[in-house]
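Below, all heavy atoms of this structure are taken into account, side chains as well, without hydrogens, waters or symmetry copies. Below, read A as the first sequence line, B as the second, and so on, with proteins coming before strands; counting in each chain starts at 1.
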Protein chains: 2
Amino acid sequence: MDLFVSKYINKIDKKGRVSLPSSFRNVLPKANRNEIILYKSIKTPSIEGCGVGRLQEIAKRINNLDFFSEDYDDFSTSIFSEIITTNIDKEGRFLIPEELKLYASIKTEAAFFGQGHYFQIWEPKKGLKNTEDSRRRLLKEKKSLRMMLTQQK
Amino acid sequence: MDLFVSKYINKIDKKGRVSLPSSFRNVLPKANRNEIILYKSIKTPSIEGCGVGRLQEIAKRINNLDFFSEDYDDFSTSIFSEIITTNIDKEGRFLIPEELKLYASIKTEAAFFGQGHYFQIWEPKKGLKNTEDSRRRLLKEKKSLRMMLTQQK
DNA sequence: CATATACCCATTGACGCCCATATAATCCCA
DNA sequence: TGGGATTATATGGGCGTCAATGGGTATATG
């Protein structure tokens, strides 16, 4: 499996270390299995993460923008300076930078949610609530979608 | 990782020395790991820096501008004539020239912002505000930033 | 000779590496 | 197929190493 799936709740120890779920570690390419990137989620109070390979793609994409344009600087600043690389130790653990923990209100436990090509890290309660909310939104939309489809003009 | 990412705030000591963040040092080619170039950012009150190898890339970018445009001369002059090379000592520290410190209002602390193939040095408060402003500008076109981060291939 | 810069050494705290344990998952063979 | 044995995962803690920082001294450069 080469996708981040399922959810896990792991403890953060005194040193601030937390285990990246084993199944997530296996998604990382064997070459760079000991490093991940983390950044603030744009839409939610959570942290998003993935392997460093994605960083190369992002760099390439930004590099293709007009070097002297304002967008170039904005993207470059918002993405590169906000991304944090962190190392995974021999036991599969890593450190969540203080700034990111604050952003996500994470203290003693971290909830990992697979999102396919990336994953999210939440404060457990917030994460579970977010899952419920998402599901509720989906059901609501589905319902209205069905109405739209069956409704007679 | 061969890109400048993340941000760091380091102190400038009495002698004017400041540590180049360790992760930035590792981006520099092993051959010229003890030398960087610095120049005034064109669009912001900050200093930009990178390894000496990047000079070639900058030259190429400028060459791609219309040779007869005003921009060509302006960029060419403002960048090349202002470039300063600086040595990094055994402990990974270097001196920021007085003129550049003035330009960026840097006094006792320097904030390093990764920008991919180069980095910026800011007076901490100004730098953080700049990051916020950049993000705010981009969020108006919310989709683009999100796409940049999560898009596949 | 005076100032600036490079080199050397020291300190502190953070982080990586190593070892250890408990629980859970898997295996393997009778 | 049952049940002990092996392996893997999550977690805890000791300790050495490295990064950031401070300061003394030699050296250079005008």
How about [X] and [Y]: do any of their side-chain heavy atoms sit closer than 4.5 Å?
{"X": "A:Ile42", "Y": "B:Leu139", "result": "yes"}
{"X": "B:Gln115", "Y": "A:Thr77", "result": "yes"}
{"X": "A:Arg17", "Y": "A:Leu95", "result": "yes"}

[X] has an atom [atom1]; how far is it from atom [atom2] of [N], in whole Å?
{"X": "A:Glu98", "N": "C:dA14", "atom1": "CD", "atom2": "P", "result": "11 Å"}
{"X": "A:Asp13", "N": "C:dC19", "atom1": "CG", "atom2": "C1'", "result": "15 Å"}
{"X": "B:Leu95", "N": "C:dA6", "atom1": "CG", "atom2": "P", "result": "6 Å"}
{"X": "B:Glu35", "N": "C:dA6", "atom1": "CD", "atom2": "C1'", "result": "15 Å"}
{"X": "B:Lys11", "N": "D:dT21", "atom1": "NZ", "atom2": "P", "result": "7 Å"}
{"X": "A:Asp89", "N": "D:dG14", "atom1": "CG", "atom2": "P", "result": "16 Å"}
{"X": "A:Asn87", "N": "C:dA14", "atom1": "CG", "atom2": "P", "result": "18 Å"}
{"X": "A:Ile88", "N": "D:dA10", "atom1": "CD1", "atom2": "C1'", "result": "14 Å"}

Legend entry - Residue of the set B:Leu38, B:Asn10, B:Leu20 for which side-chain contact (heavy atoms from CB on, under 4.5 Å) holds with B:Ile121: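 Answer after filtering B:Leu38, B:Asn10, B:Leu20: B:Leu38.
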Inset, instruction - To the nearest 10°, let me know how far the axis at one end of the helix from C:dC1-D:dG30 to C:dA30-D:dT1 is tilted from the axis at the other, five pairs an end. - result: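 That helix gives 50° between its end axes.
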Legend entry - Donor-acceptor pair (no angle test) under 3.5 Å: B:Arg93 side chain, D:dG22 base: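 Present.
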Inset, instruction - Return yes if the base of D:dG23 and the side-chain atoms of B:Arg17 contain a donor-acceptor N/O pair under 3.5 Å, otherwise no. - result: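 It does, because a donor-acceptor pair links the side chain of B:Arg17 to the base of D:dG23 below 3.5 Å.
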Legend entry - For B:Phe4, all residues meeting ring-ring contact (aromatic ring centres under 6.0 Å, His included), sequence neighbours excluded: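 Partners of B:Phe4 under the ring-ring contact (aromatic ring centres under 6.0 Å, His included) test: B:Phe24, B:Phe119.
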Legend entry - Nearest heavy-atom neighbours spanning B:Leu28 and B:Glu35: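 Here B:Leu28 and B:Glu35 meet closest at CD1-O, 4.4 Å.
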Inset, instruction - Identify, between B:Glu91 and B:Lys15, the residue whose nearest nucleotide on DNA chain D lies closer to the 5' end. - result: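 Closer to the 5' end of DNA chain D: B:Glu91.
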Legend entry - Shortest side-chain distance from A:Ser19, nucleotide among D:dA10, D:dG22, C:dC17: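 Output: D:dA10.
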Legend entry - Proximity to the side chain of B:Asn10 - top-ranked nucleotide from D:dA20, D:dA10, D:dG22: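 Taking heavy atoms from C-beta onward, the closest nucleotide is D:dA20.
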Inset, instruction - Answer with base, sugar-phosphate or nothing: what part of the nucleic acid does B:Leu20 contact at a heavy-atom distance below 4.0 Å? - result: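 Answer is sugar-phosphate: B:Leu20 comes under 4.0 Å of backbone atoms only.
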Inset, instruction - Using a cut-off of strictly less than 4.0 Å, decide whether A:Lys90 has a side-chain nitrogen or oxygen near OP1 or OP2 of C:dC18. - result: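 Answer yes for this pair, as a side-chain N or O of A:Lys90 is under 4.0 Å from OP1 or OP2.
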Inset, instruction - Using a cut-off of strictly less than 4.0 Å, decide whether B:Arg25 has a side-chain nitrogen or oxygen near OP1 or OP2 of D:dA20. - result: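 Yes, because at least one side-chain N or O of B:Arg25 sits under 4.0 Å from OP1 or OP2 of D:dA20.
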Legend entry - A:Arg33 (side chain) donor-acceptor with A:Arg25 (main chain) under 3.5 angstrom: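 The answer is yes, because a donor-acceptor pair under 3.5 Å joins these two groups.
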